[in-house]
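Bear in mind the structure is a predicted one, so any value in this text is a computation, not a measurement.
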Amino acid sequence: QVQLVESGGGLVQAGGSLRLSCAASGRTFSYYAMGWFRQAPGKEREFVAACSQTGASTYYADSVKGRFTTLRNNAKNTVYLQMNSLKPEDTAVYYCAATSRGGVRYGQNEYNYWGQGTQVTVSS
């Protein structure tokens, strides 16, 4: 089992950047592929980005491709989401998630463990 804690959210102006962190504890971090999801007010939670156990493979939603980057540091048991060129429509609660399935996964039901979420607000 793994526990996940996100941090790094906040308020930023459009065009700005934020870096989210997700710290893991419990079972060996490198065992898990990781994903990022977000949920905006009144909307369903949606996939944002994912990376494989080593971080060598990544996958992004079209809406964030070219602006967001996910990477992990297995020595620090942490995965990051670097968000650049932020837009008001990126405003949401962002969640990290872990799955024991291999490769990159973008289906929510493929993830076993979830963090509590961190709020990102982008002002126009």
Side-chain angles (χ1 to χ4, degrees):
Q1 194 163 0
V2 64
Q3 293 78 42
L4 305 172
V5 178
E6 301 97 334
S7 61
L11 173 64
V12 64
Q13 287 188 332
S17 298
L18 279 176
R19 187 176 80 160
L20 305 183
S21 299
C22 173
S25 60
R27 193 171 179 178
T28 305
F29 180 61
S30 59
Y31 178 77
Y32 297 95
M34 300 298 295
W36 290 94
F37 294 80
R38 67 186 181 187
Q39 187 167 20
K43 295 188 176 181
E44 299 281 323
R45 188 161 58 184
E46 63 177 5
F47 168 78
V48 175
C51 66
S52 59
Q53 287 94 327
T54 63
S57 298
T58 56
Y59 185 73
Y60 298 92
D62 288 343
S63 58
V64 306
K65 202 172 294 182
R67 300 187 298 122
F68 290 12
T69 302
T70 186
L71 56 104
R72 64 193 292 164
N73 184 330
N74 286 345
K76 293 186 176 181
N77 292 349
T78 303
V79 63
Y80 305 95
L81 183 68
Q82 177 66 43
M83 305 185 294
N84 299 326
S85 302
L86 282 161
K87 304 175 181 180
E89 51 264 44
D90 294 318
T91 295
V93 176
Y94 283 72
Y95 300 89
C96 70
T99 175
S100 54
R101 300 187 179 194
V104 288
R105 302 284 173 173
Y106 54 87
Q108 295 186 49
N109 59 357
E110 298 184 280
Y111 285 83
N112 311 97
Y113 306 100
W114 293 80
Q116 83 289 349
T118 185
Q119 176 70 48
V120 172
T121 304
V122 184
S123 63
S124 57

Step by step, would you call Tyr32 with Val2 a side chain to side chain contact (heavy atoms under 4.5 Å, CB included)?
CA-CA 9 Å; Tyr32 297 95; Val2 64; 3.9 Å; yes
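- For the residue pair Ser17/Asn84, the side-chain donor-acceptor check at 3.5 Å is satisfied.
- Here the side chain of Thr78 pairs a donor or acceptor atom with the backbone of Lys76 at under 3.5 angstrom.
- At a threshold of 4.0 Å, the pair Lys87-Asp90 does not count as salt-bridged, since none of the basic side-chain nitrogens sits closer than that to a carboxylate oxygen.
- Using a distance-only test at 3.5 Å, with no hydrogens or angles considered, no donor-acceptor pair links the side chain of Gln119 to the main chain of Gly10.
- Heavy atoms from other residues, nucleotides or ligands lying under 6.0 Å from NZ of Lys65 number more than 12.
- With values rounded to the nearest 0.5 angstrom, Gln1 atom CD is found 9.5 Å from Ser25 atom OG.
- Counted by atom type alone, Arg19 and Tyr80 present zero donor-acceptor pairs between their side chains at under 3.5 Å.
- Here the two rings, on Phe37 and Phe47, have centers that are under 6.0 Å apart.
- Thr54 places none of its side-chain heavy atoms less than 4.5 Å from the side chain of Ser30.
- Interatomic distance, CG of Asn73 versus CG of Leu71, reported as 8.5 Å (0.5 Å rounding).
- Residue Ser7 holds its OG atom at 8.5 Å from CD of Gln116, rounded to the nearest 0.5 Å.
- Panel note: side chain Arg67, backbone Ser85; a donor-acceptor pair is recorded below 3.5 Å.
- At distances below 3.5 Å, not a single donor-acceptor pair connects side-chain atoms of Arg38 with backbone N or O atoms of Glu46.
- Looking at Glu44, its side chain never comes within 3.5 Å of a backbone N or O of Gln39 through a donor-acceptor pair.
- Annotation: cation-pi geometry not satisfied between Arg105 and Tyr111 (NZ/CZ under 6.0 angstrom from ring centroid, within 45° of ring axis).
- Hydrophobic clustering of Ile, Leu, Val, Met, Phe, Trp and Tyr side chains at less than 4.5 Å, counting indirect connections, keeps Val104 apart from Phe68.
- In this structure a side-chain-to-backbone donor-acceptor pair under 3.5 Å is missing from Glu6 to Cys22.
- With hydrogens and angles disregarded, no donor-acceptor distance shorter than 3.5 Å links the side chain of Ser124 to the backbone of Pro88.
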Give the C-alpha distance, both sets of side-chain angles, the deciding distance and a yes or no for side chain to side chain contact (heavy atoms under 4.5 Å, CB included) between Val122 and Gln13.
CA-CA 5 Å; Val122 184; Gln13 287 188 332; over 6 Å; no
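- Cluster annotation: Tyr31 is connected to Met34 through the hydrophobic network of ILVMFWY side chains, with a link wherever side-chain heavy atoms come within less than 4.5 Å.
- In terms of hydrophobic clustering, with Ile, Leu, Val, Met, Phe, Trp and Tyr side chains grouped at heavy-atom distances under 4.5 Å, Phe29 and Tyr113 are assigned to a common cluster.
- If you chain together hydrophobic residues whose side chains sit under 4.5 Å apart, Val120 and Trp36 fall into the same group.
- Using a distance-only test at 3.5 Å, with no hydrogens or angles considered, a donor-acceptor pair links the side chain of Asn74 to the main chain of Gln53.
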If you apply the rule side chain to side chain contact (heavy atoms under 4.5 Å, CB included), what do you find for Gln108 with Trp114, and how did you get there?
CA-CA 10 Å; Gln108 295 186 49; Trp114 293 80; 4.2 Å; yes
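- At distances below 3.5 Å, not a single donor-acceptor pair connects side-chain atoms of Thr58 with backbone N or O atoms of Cys51.
- Cluster annotation: Leu4 is connected to Val79 through the hydrophobic network of ILVMFWY side chains, with a link wherever side-chain heavy atoms come within less than 4.5 Å.
- In this structure, CG in Leu81 is found 5.5 Å from OG1 in Thr70, a value given to the nearest 0.5 Å.
- Side-chain atoms of Thr118 come within 3.5 Å of backbone atoms of Gly9 as a donor-acceptor pair (strictly under, hydrogens ignored).
- Partner of Met83 under the side-chain contact (heavy atoms from CB on, under 4.5 Å) criterion, out of Val64, Val12, Leu20: Leu20 alone.
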